[in-house]
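Per chain, numbering begins at 1; letters A, B, ... match sequence-line order. Heavy atoms only: backbone and side chains are in, while hydrogens, waters and symmetry mates are out.
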There are 4 protein chains.
Amino acid sequence: MTEQRAESPRPGRRRSEESRLAILTAAFQLLGEVGYAALTIEGIATRSGTGKQTIYRWWPGKADVLLDALATKADLYVPVPDTGSHPADLRAFLRASMALGRRPEVAAGLRALMAEAQVDPAFGERFRASFLQPRREALGTLLDRARLRGELPPGLSVGTAIDLVFGVVWYRLLATGQEFDDRLVEELLGVLTRDGA
Amino acid sequence: MTEQRAESPRPGRRRSEESRLAILTAAFQLLGEVGYAALTIEGIATRSGTGKQTIYRWWPGKADVLLDALATKADLYVPVPDTGSHPADLRAFLRASMALGRRPEVAAGLRALMAEAQVDPAFGERFRASFLQPRREALGTLLDRARLRGELPPGLSVGTAIDLVFGVVWYRLLATGQEFDDRLVEELLGVLTRDGA
Amino acid sequence: MTEQRAESPRPGRRRSEESRLAILTAAFQLLGEVGYAALTIEGIATRSGTGKQTIYRWWPGKADVLLDALATKADLYVPVPDTGSHPADLRAFLRASMALGRRPEVAAGLRALMAEAQVDPAFGERFRASFLQPRREALGTLLDRARLRGELPPGLSVGTAIDLVFGVVWYRLLATGQEFDDRLVEELLGVLTRDGA
Amino acid sequence: MTEQRAESPRPGRRRSEESRLAILTAAFQLLGEVGYAALTIEGIATRSGTGKQTIYRWWPGKADVLLDALATKADLYVPVPDTGSHPADLRAFLRASMALGRRPEVAAGLRALMAEAQVDPAFGERFRASFLQPRREALGTLLDRARLRGELPPGLSVGTAIDLVFGVVWYRLLATGQEFDDRLVEELLGVLTRDGA
DNA sequence: GCGTAATCGAGACGGTACGTCGGGTCTTTCT
DNA sequence: AGAAAGACCCGACGTACCGTCTCGATTACGC
């Protein structure tokens, strides 16, 4: 989103980093205060002290602002650990993923984005490409390693394993609101490992 | 939704079944034609040849109309099979569930409803109670039986098993759009069974 | 403007006379307070406690609201006097016309409308038909009578005489802001009469 | 407008005559193409290949640009003829004035400027001082001469006579759109002369 | 069969936000 | 210092729907 070939020193005033941050902060705060349904571009502009045009110039809609805000304000980075022991790597990945979901502002943001992705197909594409896919690939890397070492259950493909992991996480986020605890991590490890835990 | 203490024969004109059906049909059609974002009460009223008031009189909002439409137009019933063989019961349940997700209008409807549930907490509650929960309980019944017979993997609780199943299904629906094929059914059975398939 | 075949009792809520008057009053007041350039539909809606849509439903733009307001709030009626004496009739007409221009709110309104007529051709047409033309015809009636009696200067056509009268009035209104006094009335009578005053 | 102490050789780049002309040309063309309402500073800047700032640096607003454009592109000069014969002088003046009004681009420009003068009082002042007043004085000079020679009708002051002339012209321009023909010139001469033509 | 009562289609109402346009200002780079 | 380019804040535009509120026109039931 919002990238710009940085090199060419074109004439004209440059994008205001100050406004950019004010907008992302406002979006993030307002989501927490009023919820996604009541989050409006107009509200973000007012709260951030910027003009609506400035928002529309750089983001297609409120969902993209939020996606950017989440990436900027919340540290969404999920590492691909490499401790040598594959169960340990997997455990670390799952814990890091769920830690994100335990932060209420992040959870609220992700639920809103997934909702918008259903309703606005173009945003859905952007969301998949910039958020979901990278995480799938990270987990895929771990599971590929496990596969090679024969540590995955025989009937289970890597693709489906990924779906199982993210499936539970998103399902709890969207549908049940259950917590993410270590018990879940261990149960998942059991499912993803040759002979149970 | 839409219930009415039937007993008291009050005076006054009675609810028009004709209008009710016209509204549900219109909602269902419009969802397919323009998508959930562009689906409006106004549009439903126009298409169905009714007044907006008539819609607001019987449903809280467009999501509830759609939920009703889906229940009425699409047959969402998922049976709790009892063939004696538990793997067979489970397989039947999974196949029936996924068959629903393969019907495009149903898939579109469910995605919209899950999205609205994120954005409108009150509807979320209704959606959970009237749609998600009954299905969890159906699957729970099957898995409880399996548990008693010791056919479930030892480290896996019934609750998490349910989450795994619906998790993959919803995740594919909402996030990846992958198909629901028999391969997935068998992989799930593997995960939910003591020693793999 | 804004007329409606009153007879057919169509279904649906009827136009609110209260809103209509509130809008016209607000427009009239705001013109005086902030001037035509700063007069906005948004401002009229806010001041009158109505919605913008209600204004757009019944008038094409702010100029038409103002035209309606002027007709309703200011009594713009100019009589066609008939005293028997033609010079007296003419004098009465001129005095009545100029009395209008001496009222500051009316003058401000007319200047704004004439300005808008230059800038928006469609409104110009409406303004001509509903305001300018009727006044031309009233004066024309008087001058036709004078013509028949030979009281008009020989080289002067009725059409040009009309242009002369309204020309001075509008020119003073738009260009010089000079007052309308009896001296002007008498000078005009001199011009329009066979042998001077 | 647009004046600049020419003499002092101040430092820095000098005003670009090229840009100035490009702006005036663009304004003039755009007025003809889209009309005054749709004429924007932004549009003029784009069409002329200049920046908005350059326009704002030298003119207060679009009306002043147009006034300048009209003075530069259209030759608005009206001479004060002196043939010896006063009726002839007057006739020459009237013909020259009306010739201007017959040129459609000039007529469109003048109508727009008079409209703006109603709506923006500050511009109104500039318009009066730089355009209307000089013309009044030119005609005043002619009529003063006639007055001294007793060629004006007795009851008619020079001031009102001026108003009559410009009144008809502007009224036809703004209100009726009638043509300016020799018939009108002669009728006016009749009105302004002791015993009719 | 007459009143009371509820529903129906239609459509106007006060609002809120949309996404866009243009105003006038400010900043950057180049001349 | 002037100029083209272009981002900035701001305010209004005209539109779309929201959810509510009359309307007149149907039904139904109970007296």
CD of D:E17 versus P of F:dA3: gap in Å, rounded? 11 Å
Give a yes/no verdict on a cation-pi contact between C:K62 and C:Y36, requiring under 6.0 Å between NZ or CZ and the six-membered ring centre and an angle within 45° of the axis. yes
Classify C:G43 by what it touches in the nucleic acid, base, sugar-phosphate, or nothing, heavy-atom distance under 4.0 Å. nothing
Upstream residue (5' side of DNA chain E) when C:S48 and D:L39 are each assigned their closest nucleotide: C:S48
Could you tell me whether A:R14 sits above the aromatic face of A:W58, with NZ or CZ closer than 6.0 angstrom to the six-membered ring centre and within 45 degrees of the axis? no
Identify, between A:T54 and B:G12, the residue whose nearest nucleotide on DNA chain F lies closer to the 5' end. A:T54
Would the base of F:dA16 count as contacting C:Q53 through its side chain, where contact means a donor and an acceptor less than 3.5 Å apart? yes
E:dT20 P sits how many Å from D:E42 CD, rounded? 15 Å
F:dC13 C1' sits how many Å from C:I55 CD1, rounded? 13 Å
Of the nucleotides E:dT25, F:dA4, E:dC18, which one has an atom closest to the side chain of A:R13? E:dT25
Check: B:K52 side chain, F:dG19 base, donor-acceptor under 3.5 Å: yes
Find the distance A:I44:CD1 to F:dC9:C1' and express it as a whole number of Å. 16 Å
Check whether any side-chain N or O of C:W58 sits under 4.0 Å from OP1 or OP2 of E:dG11, and answer yes or no. no
Given E:dT29, F:dC18, E:dG11, identify the nucleotide with an atom nearest to the side chain of B:I41. F:dC18
Please state how far atom CD in D:E18 lies from atom C1' in E:dT31, giving the value in whole angstrom units. 13 Å
Between D:S19 and C:T40, whichever has its closest DNA chain F nucleotide further toward 5' is D:S19
If every non-hydrogen atom of C:R111 is compared with every non-hydrogen atom of D:A117, which pair is closest and at what distance? NH2-O, 4.2 Å
Lys/Arg N to Asp/Glu carboxylate O, A:E33 vs A:R47, below 4.0 Å: yes
Pick the nucleotide of DNA chain E nearest each of C:R14 and A:K62; which residue has the one closer to the 5' end? C:R14
For F:dC8, does either OP1 or OP2 sit under 4.0 Å from a side-chain N or O belonging to A:R57? yes
If only atom types and distance count, is the side chain of A:T54 paired as donor or acceptor with the main-chain N or O of A:T50 below 3.5 Å? no
Interatomic spacing from CG in D:L174 to CG in C:L174 - rounded to 0.5 Å: 6.5 Å
Given atom OH of D:Y56 and atom P of F:dG6, what is their separation to the nearest angstrom? 18 Å
Working note: A:T25 + A:S48, criterion side chain to side chain contact (heavy atoms under 4.5 Å, CB included); need CA distance, chi angles, decisive distance, verdict. CA-CA 8 Å; A:T25 306; A:S48 65; over 6 Å; no
Should the side chain of B:R15 and the base of E:dT7 be counted as holding a donor-acceptor pair, with the cut-off at 3.5 Å? no
Mind checking D:G61 for me? I need base, sugar-phosphate or nothing, with any heavy atom below 4.0 Å counting as a touch. nothing
Where along residues 26-36 of chain A does a heavy atom come under 4.0 Å from DNA chain E, residue by residue in number order? none
In this structure, are over 12 heavy atoms from other groups packed under 6.0 Å from A:E18 atom CD? no
What is the distance, to the nearest angstrom, from the CD atom on B:E116 to the C1' atom on F:dC18? 13 Å
